[in-house]
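First the structure, in the form of structure tokens, and then the observations on it.
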Amino acid sequence: MRVSDACLEELRTQGFTIVEGFLNPDELAAAQDQLWHSFPRPEEFFAAPSAFPHLAKGQFAGLKLFPLPGWELNRLATHPDLVDAAERFLDSVELELYKVEVWAKYAGAVDYDQTHHRDFGNHSLVVPRDDGVGRQLTTFVLLSDVTDVDGPTKVVSLEHTRGIPMVPDEAAAGRSFSVPPGRFADVEVSVTGPAGTLFMYRTDVFHRGSNFGAPGRSRFAMLTDFQVRGPSWAGKMSWPNTALSPHWVELMERASVRERDLFGFPKPGDGYWNAQTLRDVGRRYPKMDMSAYGNA
């Protein structure tokens, strides 16, 4: 579903927006089916939590880096309506997809409660500019229903935080971007919605993870982040670090030219391409259609 102009205006003014029904039922079902290549099904986990000790190691233990097994799951990162929304919000088609993760949480595995923080701390070497130049866009696509008892993200509108410096007074020598627990308890918004909902927010917005409110609950989401290509001080992942994975090979072979470009793959017409590189990239990705690069 195309993200409306009204939702993007909310993103600009309050710092976040929630779009229900973003994925159609077929897209959602196909992606959900492929979650179980990487994570235990909820009934499997709750039948024997001790069989999955790795999920109890910390809040981020259920987070897996992209790409994962499964084309239908991986392709959500370059969903055309998600890319369209990023282009319109960031006012550029020269985008890079700088981080993709899939996150599974299970009630009782660990305490998921957090203090309110801003995400730019590990997305940039500096701080966001107030005028929006160099802005980053962070997104969650909910792959399970999320109610108030399913550990929803809690987010705070910019109207309540505009006077707080990027590095709050409470932060010790810039090592923390959080504020004391409970500071925004009265104004935080729970990010809830049915599976297929899109949550978009900025890296200068205070938010936090919350704990589950009932046993036997779980939550799954894909986290996909965009920025305008260029700044050397912003980003999070180096895609060549994943490029030996067979899932990466499948992704590159099946992706469109535009989708590959979002990961930094050379565009048609780029000076990188010559007879040798066309031949050898074609050997690296045997099922890739190289015609767009050769024709240019």
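Values in this document were obtained by computation on a predicted structure and should not be read as measured data. Just the heavy atoms: all of them, side chains too, but no hydrogens, waters or symmetry mates, feed the values below.
By the rule that hydrophobic residues join a cluster once side-chain heavy atoms approach within less than 4.5 Å of another member, V93 and L8 end up as members of separate clusters. There is a path of hydrophobic side-chain contacts, each under 4.5 Å, that joins L63 to F52. Hydrophobic clustering of Ile, Leu, Val, Met, Phe, Trp and Tyr side chains at less than 4.5 Å, counting indirect connections, keeps V167 apart from V205. Cluster annotation: L125 is not connected to M237 through the hydrophobic network of ILVMFWY side chains, with a link wherever side-chain heavy atoms come within less than 4.5 Å. Each of V149 and V189 belongs to its own hydrophobic cluster when Ile, Leu, Val, Met, Phe, Trp and Tyr are linked at side-chain heavy-atom distances under 4.5 angstrom.
Look at K236 and D225 and you find no salt bridge, because none of the NZ, NE, NH1 or NH2 atoms lies under 4.0 Å from a carboxylate O. With respect to K105 and D150, no salt bridge is recorded, no charged nitrogen being found less than 4.0 Å from a carboxylate O. E10 has no carboxylate O lying under 4.0 Å from a charged side-chain N of R12, or vice versa, which leaves the two without a salt bridge. With respect to K287 and E250, no salt bridge is recorded, no charged nitrogen being found less than 4.0 Å from a carboxylate O.
At a cut-off of 3.5 Å, with distance as the only test, no side-chain donor of D280 or T277 sits close to an acceptor on the other residue. For the residue pair K64/S38, the side-chain donor-acceptor check at 3.5 Å is not satisfied. A donor-acceptor pair shorter than 3.5 Å can be found between the side chains of H79 and E27.
One finds the CG atom of L28 at 12.5 Å from the CD atom of E72 (value rounded to the nearest 0.5 Å). To the nearest 0.5 angstrom, E101 atom CD is 4.0 Å from K99 atom NZ. Annotation: the span from Q32 atom CD to S144 atom OG amounts to 7.5 Å, rounded to 0.5 Å. Considering OG of S256 and CG of L262, their distance stands at 8.0 Å, rounded to 0.5 Å. L137 CG to L95 CG: the interatomic distance, rounded to the nearest 0.5 Å, is 9.0 Å. From Q59, atom CD reaches atom CG of D111 across 6.5 Å, with rounding to the nearest 0.5 Å.
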Apply side chain to side chain contact (heavy atoms under 4.5 Å, CB included) to F140 and T153, showing your working.
CA-CA 10 Å; F140 281 47; T153 301; 4.0 Å; yes
For a salt bridge (charged side-chain N to carboxylate O under 4.0 Å, His left out) check, start with the C-alpha distance between R208 and E188, then their side-chain angles and the critical distance, and finish with the verdict.
CA-CA 9 Å; R208 68 181 183 91; E188 64 183 9; 3.0 Å; yes
For S210 and K154, what are the C-alpha separation, side-chain angles and deciding distance, and is it a side-chain hydrogen bond (donor to acceptor under 3.5 Å, both in side chains)?
CA-CA 7 Å; S210 71; K154 308 279 189 173; 4.9 Å; no
Start with the C-alpha distance between Y201 and H207, add both sets of side-chain angles, then the distance that settles ring-ring contact (aromatic ring centres under 6.0 Å, His included), and finish with yes or no.
CA-CA 9 Å; Y201 67 104; H207 65 287; 4.8 Å; yes
Would you sort out whether F265 and V257 count as a side chain to side chain contact (heavy atoms under 4.5 Å, CB included), showing the intermediate values?
CA-CA 9 Å; F265 199 87; V257 169; over 6 Å; no
Go through the steps to decide whether T197 and I18 satisfy the test side chain to side chain contact (heavy atoms under 4.5 Å, CB included), and finish with yes or no.
CA-CA 7 Å; T197 294; I18 301 169; 3.6 Å; yes
Evaluate F199 against L142 for side chain to side chain contact (heavy atoms under 4.5 Å, CB included), listing each step before the verdict.
CA-CA 8 Å; F199 168 48; L142 303 183; 5.6 Å; no
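Residues L278 and G294 come closest through the heavy atom pair CD2-N, 3.7 Å. Shortest non-hydrogen contact noted between Q34 and L73 is OE1-N, 3.0 Å.
The side-chain contact (heavy atoms from CB on, under 4.5 Å) test with M200 is passed by exactly one of L11, V141, T224: L11.
Between the side chain of S124 and the backbone N or O of V126, at least one donor-acceptor pair lies under 3.5 Å. In this structure, N295 contributes its side chain and S291 its backbone to a donor-acceptor pair below 3.5 Å. With W239 contributing its side chain and Y98 its backbone, the two residues share no donor-acceptor pair below 3.5 Å. Remark: side-chain polar atoms of D81 are paired, donor with acceptor, to backbone N or O of M1 under 3.5 angstrom. No side-chain donor-acceptor contact under 3.5 Å links D270 to the backbone of P266. A distance-only check finds a donor-acceptor pair linking the side chain of Y106 to the backbone of P40 [under 3.5 Å]. Counting only distance, with no hydrogens or angles, the side chain of Q227 and the backbone of A234 share a donor-acceptor pair below 3.5 Å. A donor-acceptor pair under 3.5 Å is formed between the side chain of R260 and the backbone N or O of M252. Under a 3.5 Å cut-off, the side chain of N211 and the backbone N or O of G151 do not form any donor-acceptor pair. In this structure a side-chain-to-backbone donor-acceptor pair under 3.5 Å is missing from R135 to F89.
Environment of CG in D131: crowded, with over 12 heavy atoms of neighbouring residues, nucleotides or ligands closer than 6.0 Å. Annotation for D91: atom CG does not count as buried by contact number, only 12 or fewer foreign heavy atoms lying within 6.0 Å.
The aromatic rings of Y293 and W273 are tilted relative to each other, their planes meeting at an angle between 30° and 60°. Using the six-membered ring where Trp is involved, F66 and F263 have ring planes that are parallel, under 30° apart on the 30 and 60° scheme.
With sequence neighbours excluded, the residues that form a side-chain contact (heavy atoms from CB on, under 4.5 Å) with R229 are E94, E96, D261, K267.
In the hydrophobic clustering, V110 connects to Y112, F212, either directly or through intervening members, whenever side-chain heavy atoms lie under 4.5 Å apart.
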